Amino acid sequence: MPKRSDLMTKGPERAPHRSLLRADGFTDWELQRPIIGIANSFNEIIPGHMHLDKLVDAVKAGIYAAGGTPLVFNTIGVCDGIAMNHLGMKYSLPSRELIADSLEIMATSHPFDGLVLMASCDKIIPGMLIAAARLNIPSIFLSGGPMLPGKVYGKDTGLDKVFEAVGRFKGGKITEEELENYECAACPGAGSCSGMFTANTMSNLSEALGMALPYNGCAPAVFAERIWLAKQTGYKSVELVNNYITPRAVMTKDAFYNVIAADMALGGSTNTALHIPAIAYYAEVDLTLKDFGILTDKIPHLTSIAPAGPHHVVDLFHAGGIPAIMAELQKSKLINSEPMTVYGKPMAEMLREINAGIKDPSVIRSIENPVHKTGGLAILSGNLAPDGAIVKQAAVAEEMLKHAGPARIFDSEEDAFQAIVDAKIQKGDVIVVRYEGPKGGPGMQEMLSPTSALAGLGMDKEVALITDGRFSGASRGAAIGHISPEAAARGPLAALKERDIIEIDIPKKSLNVQLSKNEIQKRITELSEFEPKIKTGYLARYAQMVSSADMGAVFPR
């Protein structure tokens, strides 16, 4: 079978192409081997990516050992924590499509036989998996691994506690010196932030999808196991090419159901409800937000990892990682056993071969003794969210699972955050942040600052926050996002007025306002035309093309 790279290496007419590759230092024997493109998102900004320049050497060693030739190229990456709570956060989700486009351009302009995708954080991971789904050439994903938790006042601590410490400082509960202690000690070095936030959720779910090797999502960035995994990933990439195992052979409908099941068991970030449907969409698999709802009551929640609980991702690693969770779910036939994986074998066979199982039942619970009997995420619907909304129910206080209160309406995250820190929000209020969806934001910025401020002030058990925007995986409390259709698309959220009574019932999966259907429609027809917040540049183009959140905020195929 001809190699894809023959388009740039084989025949007399490719002499100019080979001449340029020889200028890179490649020899005859290297050009005759399978050529593996390594998409590396290294930069010196993101802690989860700052060590990828070292990790790539291990990947290259694995490729050479397996008889392949590595070629490294780079793509962009946004640090959501640094972009948080200013204009930069509007660019985070849109960067996902830009990353996918850049990989498509590089892997088509230079026809690699296979790809290794290297990333650790938020939108970069799904951007790369989207590119793999589009290109459908043998591909494998490698994370840079999670950060170890820091120690503050003797307790394991992550970035989420720094955001919450800001709220506590604003509320006069800690001193400036104490805030600085959190700032300096919570993030001790390389890796994606230490809790089950979006980055680590997506890294772990890449295993459940079958696109990464076992323990990809939980082996810490600074452990030797991460180097071993990098070498194995490079080696496997050549095997995938030789056996022609492509992403769409791995990313089937059954595999996506496995991802959702693993997500529910993990209690992962609500952002997965954007990224999983988006990856499926580009893989031409029919999946939307409502598919999550089908599984949320069937899959038990088996872990309690920050921000929902006391553990961090390093604890998940020592307890057996995603393989242990998948093996536990398999016992009760809650996952599909047959989907192929980049390990080269179907899911069940891989789990058996690596002897997957729970090593620490205090971190990964059994099916018989779950943290919660239902999944970590819940899909809500009602007259405020006809196409759905999502909440991380595992991180909601018991007293806020059912709540009714007056709407306090803000048309931007910044205004809502300022109202919280200025003590303008009262017990029982429902904060509404609208026009922050994919189109309205534009870019659907994360809202870790307001949710952390509420938690820091101790109001996460008294106040709910609902939005057509989204939340960081580090958010906790009654934070309901992705309300679809969004306000900018004339969804019901746009019809709300100050002090309308909003009813939240997470156990019954409902989100409603005490208004009749006719009144909602009347208010919507009276709205003036939506005025875009940004009218030039990438975000303006993004807003014109992007879909609603329930489809994953995707572009037309």
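Computed from a predicted model, the values in this text were never measured in an experiment.
Within 6.0 Å of CD in E176 there are 12 or fewer heavy atoms belonging to other residues, nucleotides or ligands.
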Could you give the side-chain donor-acceptor pairs of residues 305-321 under 3.5 Å, partners two or more places apart or in another chain?
{"unit_1": "H311", "atom_1": "ND1", "unit_2": "S304", "atom_2": "O", "d": "3.4"}
{"unit_1": "D315", "atom_1": "OD2", "unit_2": "H312", "atom_2": "N", "d": "2.8"}

N/O donor to acceptor pairs below 3.5 angstrom from side-chain atoms of residues 156-164, sequence neighbours left out:
{"unit_1": "D156", "atom_1": "OD1", "unit_2": "K151", "atom_2": "NZ", "d": "3.0"}
{"unit_1": "T157", "atom_1": "OG1", "unit_2": "K155", "atom_2": "O", "d": "2.9"}
{"unit_1": "E164", "atom_1": "OE1", "unit_2": "R476", "atom_2": "NH2", "d": "2.9"}
{"unit_1": "E164", "atom_1": "OE2", "unit_2": "R476", "atom_2": "NE", "d": "2.8"}
{"unit_1": "E164", "atom_1": "OE2", "unit_2": "R476", "atom_2": "NH2", "d": "3.4"}

Contacts under 3.5 angstrom, residues 421-428 side chains, donor-acceptor by atom type, not counting sequence neighbours:
{"unit_1": "D422", "atom_1": "OD1", "unit_2": "Q418", "atom_2": "NE2", "d": "3.3"}
{"unit_1": "D422", "atom_1": "OD2", "unit_2": "Q418", "atom_2": "NE2", "d": "3.3"}

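Counting only residues at least two apart or in different chains, salt bridge (Lys or Arg N to Asp or Glu O under 4.0 Å) contacts with residues 266-288 comprise R248-E284. Judged as a salt bridge (Lys or Arg N to Asp or Glu O under 4.0 Å), the pairs with a partner in residues 433-448 (not counting sequence neighbours) are, in order, K90-E436, K123-E446, D411-R434, E436-K533, E446-R470. Here ring pair (Phe, Tyr, Trp, His ring centres under 6.0 Å) pairs that include residues 538-557, with residues two or more places apart or in two chains, are Y542-F555. Pairs engaging residues 366-405 under the ring pair (Phe, Tyr, Trp, His ring centres under 6.0 Å) rule: H301-H372 [sequence neighbours left out]. Sorted by first then second residue, the salt bridge (Lys or Arg N to Asp or Glu O under 4.0 Å) pairs that include residues 324-334, not counting sequence neighbours, are E328-K331. Applying the ring pair (Phe, Tyr, Trp, His ring centres under 6.0 Å) rule to pairs touching residues 432-484 yields Y435-F530, sequence neighbours excluded.
Checked by atom type, the side-chain pair N200/S203 shows no donor-acceptor distance below 3.5 Å. Using a 3.5 Å distance cut-off with no hydrogens or angles, the side chains of T201 and N271 do not pair a donor with an acceptor. Counting only N and O atoms by type, the side chains of S192 and S120 include no donor and acceptor under 3.5 Å apart.
Using a 4.0 Å cut-off between charged side-chain N and carboxylate O, K509 and D297 make a salt bridge.
Applying the salt bridge (Lys or Arg N to Asp or Glu O under 4.0 Å) criterion to D505, with sequence neighbours excluded, gives K402. Looking at residues two or more places apart in sequence or on another chain, you find no salt bridge (Lys or Arg N to Asp or Glu O under 4.0 Å) involving K373. With sequence neighbours excluded, the residues forming a side-chain contact (heavy atoms from CB on, under 4.5 Å) with A478 are V396, M400, A464, listed by chain and number.
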